[in-house]
Amino acid sequence: MTVRPASCSCGQLRAEVRGDPLHVAVCHCHACQRRTGSVFSAQAAFPRESVTIEGTGTEFVRVGDEGARFRFTFCPACGSTVFYVEEGDERHIAIPVGAFADAHFPAPKISVYEKRRHSWVSLPDDVERWRKDPV
Ligand SMILES: [Zn+2]
Ligand SMILES: [Zn+2]
C-alpha cells in the first residue's frame, strides 16, 4: 500500500496517508484562492481512518456558499493548511495536494468553480468541469 507524507512548510504539522485518495479535485473559488495564496486549490480526499496526524494545529472554520462548515487545520508556526474536514462528515478528510510536494501524486479528475477560473489556467481534457456552481 502506498504511504504518502504531507506536511506544512516548516514540518511541524504532518499527515501521513495510507492508500490512494478517494478523489482529487481542484477548486477555483475565491475562498480557496485566498486560503492557498495560489490561483486555484488542489485537494485530495481520504477516508479518515487512512490518515495519521502529528503536530499541533490551529483551526479556522469557513462557512461555504451552501452553508456547509469547513474546518481547516493549519500550522500555527508557518500558516500552511495541512488538512480540513466538512463538519458533519467525520468519515472523510481532505489534504491539499501541495502538502505532499510530490509531482507523482494522482492528478485531479474534478474542477470546481469554473466561473472563477483564471483565464490562463488550463486543465487536461479528462478533468470533469462543474459549470453549475454558484457565482
Ligand atoms: Zn509549519
Ligand atoms: Zn474552493
Side-chain angles (χ1 to χ4, degrees):
M1 183 181 282
T2 307
V3 176
R4 294 183 173 95
S7 83
C8 63
S9 57
C10 79
Q12 185 276 129
L13 183 58
R14 298 173 304 283
E16 185 177 82
V17 304
R18 295 171 298 284
D20 281 330
L22 298 168
H23 60 254
V24 183
V26 300
C27 180
H28 308 276
C29 84
H30 287 170
C32 282
Q33 292 186 32
R34 291 199 166 101
R35 171 173 60 83
T36 61
S38 186
V39 296
F40 62 90
S41 67
Q43 43 272 330
F46 294 89
R48 182 66 188 85
E49 63 270 18
S50 302
V51 182
T52 304
I53 307 291
E54 285 183 22
T56 304
T58 300
E59 291 187 347
F60 169 70
V61 175
R62 183 175 67 76
V63 180
D65 294 334
E66 309 290 328
R69 292 168 58 84
F70 296 94
R71 189 151 30 92
F72 296 89
T73 302
F74 61 93
C75 171
C78 73
S80 304
T81 298
V82 174
F83 61 96
Y84 66 90
V85 295
E86 182 178 347
E87 289 186 2
D89 178 10
E90 307 305 328
R91 293 171 304 137
H92 299 108
I93 186 164
I95 299 183
V97 172
F100 294 97
D102 173 7
H104 302 292
F105 196 87
K109 294 294 179 218
I110 304 165
S111 175
V112 183
Y113 271 90
E114 280 280 318
K115 287 175 183 164
R116 302 290 201 198
R117 181 169 50 82
H118 285 227
S119 60
W120 54 266
V121 172
S122 62
L123 295 164
D125 289 340
D126 67 342
V127 175
E128 180 188 345
R129 315 299 158 113
W130 287 15
R131 298 194 187 278
K132 291 182 177 163
D133 306 308
V135 283

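Each ligand, and each atom within it, is numbered from 1 in the order the structure gives. Along the sequence shown, residues carry numbers from 1.
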Worksheet item: Under 2.8 Å from the Zn ion (ligand 2), is there an N/O/S atom belonging to C32?
Response: yes
Worksheet item: When rounded to the nearest 0.5 angstrom, what distance separates CZ in R35 from CD in Q43?
Response: 5.5 Å
Worksheet item: Mind checking whether the Zn ion (ligand 2) has an N, O or S of C29 under 2.8 Å?
Response: yes
Discussion item. Quick check: is V112 connected to V24 through a chain of hydrophobic side chains (ILVMFWY, heavy atoms under 4.5 Å apart)?
Written reply: no
Worksheet entry | Residue list, ring-ring contact (aromatic ring centres under 6.0 Å, His included) with F72, at least two apart or on another chain | Y84
Worksheet entry | Partners meeting ring-ring contact (aromatic ring centres under 6.0 Å, His included) with F40 (sequence neighbours left out) | H28
Item to complete: Report the angle formed at the Zn ion (ligand 1) by atom SG of C75 and atom SG of C78, rounding to the nearest 10°.
Response: 110°
